[in-house]
Number of protein chains: 2
Amino acid sequence: MKITGDQQLIKKMNKSIVLDTIRQRQPLSRADISAGIGLNKATVSSLVSELIDSNLVTEIGPGESSGGRKPTLLLFNKHAGFAIGIDIRVSDLLAILVDLEGNVLHEKNVPLTDFSPETVLEQIRKTISLLKRKLPESPYGIVGVGIGVPGLVNEKNRVVSAPNLGWDNVDLAGALDADFSGNIHIDNEANAGAIGEKLYGAGRDSLNLIYLSLGVGIGSGIIVGGELYRGTSNFSGEVGHMTIAENGPLCRCGNRGCWETLASEKALLDRAATVEWKGEAPDLEGILKAAKQGDHTAVSLLNEIGSQLGVGLANLVNILNPELIVIGNRLSLAGELFEDAMLRTIENRSLSYHRKKTHVDFAKLGIRSTALGAASMPITAFLTDPDVTIE
Amino acid sequence: MKITGDQQLIKKMNKSIVLDTIRQRQPLSRADISAGIGLNKATVSSLVSELIDSNLVTEIGPGESSGGRKPTLLLFNKHAGFAIGIDIRVSDLLAILVDLEGNVLHEKNVPLTDFSPETVLEQIRKTISLLKRKLPESPYGIVGVGIGVPGLVNEKNRVVSAPNLGWDNVDLAGALDADFSGNIHIDNEANAGAIGEKLYGAGRDSLNLIYLSLGVGIGSGIIVGGELYRGTSNFSGEVGHMTIAENGPLCRCGNRGCWETLASEKALLDRAATVEWKGEAPDLEGILKAAKQGDHTAVSLLNEIGSQLGVGLANLVNILNPELIVIGNRLSLAGELFEDAMLRTIENRSLSYHRKKTHVDFAKLGIRSTALGAASMPITAFLTDPDVTIE
DNA sequence: ATACTTAGTTTGTCTAGTAAACTAACTAAG
DNA sequence: CTTAGTTAGTTTACTAGACAAACTAAGTAT
């Protein structure tokens, strides 16, 4: 039980605050930092010089004078190291190599046909090796790997269940640790997406936000006070199985009226099937294309989905009173086709005081939210404690 | 922006950890504290002597020797000061005088007939004065007042809206501040209840819990990581207006199928009215009494309520994955009459991995959860920073 | 040229935590 | 009833890290 503090703790905290300040407000001078966070100039100087020594910060020469000596401007050294983020989806796998600021250097898409853990693991290994060959020279190299998985991940980094992949109790991190020892993070796809949008996307300025992953099913990542809320067993955010129509359609989870039976990609396709979509098996692209061309059936299908989305979102607004809701994953790419119906329902169904301050937005990182969020996990760990690198 | 730390911060943190340790594990010795929290013996000695100087801790003489010098046992001085907690309900007002450990010394129930802010305020003033006359001699006296209100309270302690009282934008704290300057806390009734049960009741050992206030409507307080989650505008937890049946009964909020139209005290009475309850106007006591005597209609009414409660609770379990759900307020007093139906529905409707670790319990503080939670707010503020007392 | 400003470093001081030695007070074994 | 060993708590000397103030550096404005 080591919760008590001493000076080292203070130093660590202050150093991390200084680094965060540089990351957020760069370029800036030591004097700016001191004024900004209230730390003494001398202390800032000392901490900055340590950060420079450890290659996390660089000086880029003098800035504009404001009537006195020119300030020496500081920059976060985003190329001190790199991270790999992987998003395991239902038909493919997206892997990205990013710098410490989350800029994508390389990207690799691997189609998946066989979903057995062994095969997927093999693909992951190959892809990581491939990305590592693209790695620029840097002091720290790959600082870690993050993986987003469409399933439940427990607090020990173990994939407890991933129905869409047919996985049960898979120890992804353990298996990879043999090859790339150290900083490996596994999390639910929606949780990773939430972190991604919070750090690099639409949620940059929000402390309390919900990321809604709108794919085959519906998942979510809940960010409270700037941090991901994980729940007791790390299983929070399974909003797709919230009942919104007590006697609604049967869900694969065994219940009736789950939100995802009414408002997900699968819900859209199921509904399309009942209206005998053009006599052929309905597919997402087809419906979206038709709707964009003004096809009546397609438009009304999407309106219906939008309005059902709104019901669940209004619930989340009432329960959690978030600042922001970010809608991501595949279906969000067609956002403009259901946005109006969705917003109208939220407006009608949420309490007036709540909706005043809640904004609804679409993922700014598009299809990369999860991969970027996954990559950010080892980056955050590294910047908090720049020791644990990989390999 | 003063987030950076210095030694004073360390000292404050450590002192507060020492005090918390004494509060939780008393009686114990300085040596126990040092071993328990990892702080050096000398540091503990110094902090404890300051706590003794400020009357928050007392020595109660030697304890059992374990083979050497006898330890000097320490006790939290629960009578260093007192607090007042007030619960404004729809028909009356409960006020309690408690010591710093939340033990109730005096209790006062005031019936309310006129709900105008002025009248209620006058009653509050009178009641506070009355309780103050019962106050024992103590170094700090009344350290503060906390008030739980059935409505939305914004981040500035202002009651934005309390439909059951007919209040709009009432500045309770401001009005009271003139009489009892200083440490006055106003919060939503369910939030206060959540804190009460967390600190003194069923939730003592839980970090993530939901307190469900089951009264005329349904409210909730959400505790995340041991702290109340307030949302963006301080309005989180309005679970009563979560849609669980898209085309259900009309709610006073304007929507259909809100949880509280199906599972609250009002829902019970409304439902009873439709079955022509004994030819007379149904009332809660009557229905509960009949159910206890095995009356078929009453039992089935309560089963229905229980099962509707379960639907909403399963939603909360899936979304928030809490450790514990505590059911409080008036209807919870009849818990055994709907518990089975409720648990069965939660079991059926929540995801299997989630419900494994979620317990459902009834408020251990009975009808006092809110008043105790309200009183705890100034106590916590006082113990964090023992300066601000009242008057 | 001179006065004033702003940036950043150096120096000495202060606070608070730690280790180690010490005092106090006990138990248990011979 | 010594004596050795153990546990509780205090005292002392030391250290880390933040701070204020003085100082150097390098600019602007008049």
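A, B, ... follow the sequence lines: proteins, then strands. Residue 1 opens every chain. This structure is a prediction, so every number in the text was calculated from the model and none was measured.
- Using a 4.0 Å heavy-atom criterion, one finds that B/T72 contacts the sugar-phosphate atoms exclusively.
- Looking only at distances, no side-chain donor or acceptor of A/Y229 sits under 3.5 Å from a matching main-chain atom of A/S236.
- Side-chain atoms of B/E323 come within 3.5 Å of backbone N or O of B/L207 as a donor-acceptor pair.
- An OP1 or OP2 oxygen of D/dT10 is reached within less than 4.0 angstrom by a side-chain nitrogen or oxygen of B/R30.
- In this model, a donor atom of one side chain and an acceptor atom of the other lie less than 3.5 Å apart for B/H185 and B/N183.
- A donor-acceptor pair under 3.5 Å is absent between the side-chain atoms of B/D53 and the main chain of B/E50, judged by distance alone.
- Separating the CG atom of B/L28 from the P atom of D/dA8 is a distance of 11 Å, rounded to the nearest angstrom.
- Distance, A/K41 NZ to C/dT10 P: 13 Å, rounded to whole Å.
- Rounded to a whole Å, the CG atom of B/L39 is 10 Å from the P atom of C/dA19.
- Distance B/I37 CD1 to C/dG17 P: 10 Å, rounded to the nearest Å.
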Got a list of protein N/O to nucleotides 23-30 of chain C N/O distances below 3.5 Å?
{"residue": "C/dA25", "atom": "N3", "partner": "B/R69", "partner atom": "N", "Å": "3.3"}

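- Rounded to an integer number of Å, the gap from B/L73 CG to D/dT7 P is 16 Å.
- The pair A/D187-A/R230 meets the salt-bridge criterion, since a charged nitrogen lies less than 4.0 angstrom from a carboxylate oxygen.
- The side-chain heavy atoms of A/L47 and A/N14, taken from C-beta on, include a pair separated by under 4.5 Å.
- Side-chain contact between A/L28 and A/I33 is present, with at least one heavy-atom pair separated by less than 4.5 Å.
- The phosphate of C/dA19 (OP1 or OP2) has a side-chain N or O of B/N40 nearer than 4.0 angstrom.
- Spacing between atom CD1 of A/I10 and atom P of C/dT18 amounts to 13 Å, rounded to whole angstrom units.
- Using Watson-Crick or G-U wobble geometry with both donor-acceptor distances under 3.5 Å, C/dG30 finds its partner in D/dC1.
- Rounded to whole angstrom, the span from the NZ atom of A/K15 across to the P atom of D/dA16 amounts to 15 Å.
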Quick one: which protein N/O atoms are closer than 3.5 Å to N/O atoms of nucleotides 11-15 of chain C? Pair and distance per line, please.
{"residue": "C/dT15", "atom": "O2", "partner": "B/Q7", "partner atom": "NE2", "Å": "2.6"}

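- Formation of a donor-acceptor pair under 3.5 Å by the A/N234 side chain with backbone atoms of A/N154 is found in this model.
- A salt bridge is absent between B/E197 and B/K364: the closest approach of a Lys/Arg side-chain nitrogen to an acidic carboxylate oxygen does not fall below 4.0 angstrom.
- A distance-only check finds no donor-acceptor pair linking the side chain of B/Y211 to the backbone of B/I222 [under 3.5 Å].
- A/N14 has no side-chain polar atom (N or O) that falls below the 4.0 Å cut-off from OP1 or OP2 of D/dG17.
- With respect to the salt-bridge test (charged N to carboxylate O, under 4.0 angstrom), the residues A/K198 and A/E227 do not qualify.
- Near DNA chain D, meaning a heavy atom under 4.0 Å away, the residues from residues 43-55 of chain A are A/T43.
- Side chain of B/T384 to main chain of B/T380: a donor-acceptor pair is present (N/O by atom type, distance under 3.5 Å, no hydrogens or angles).
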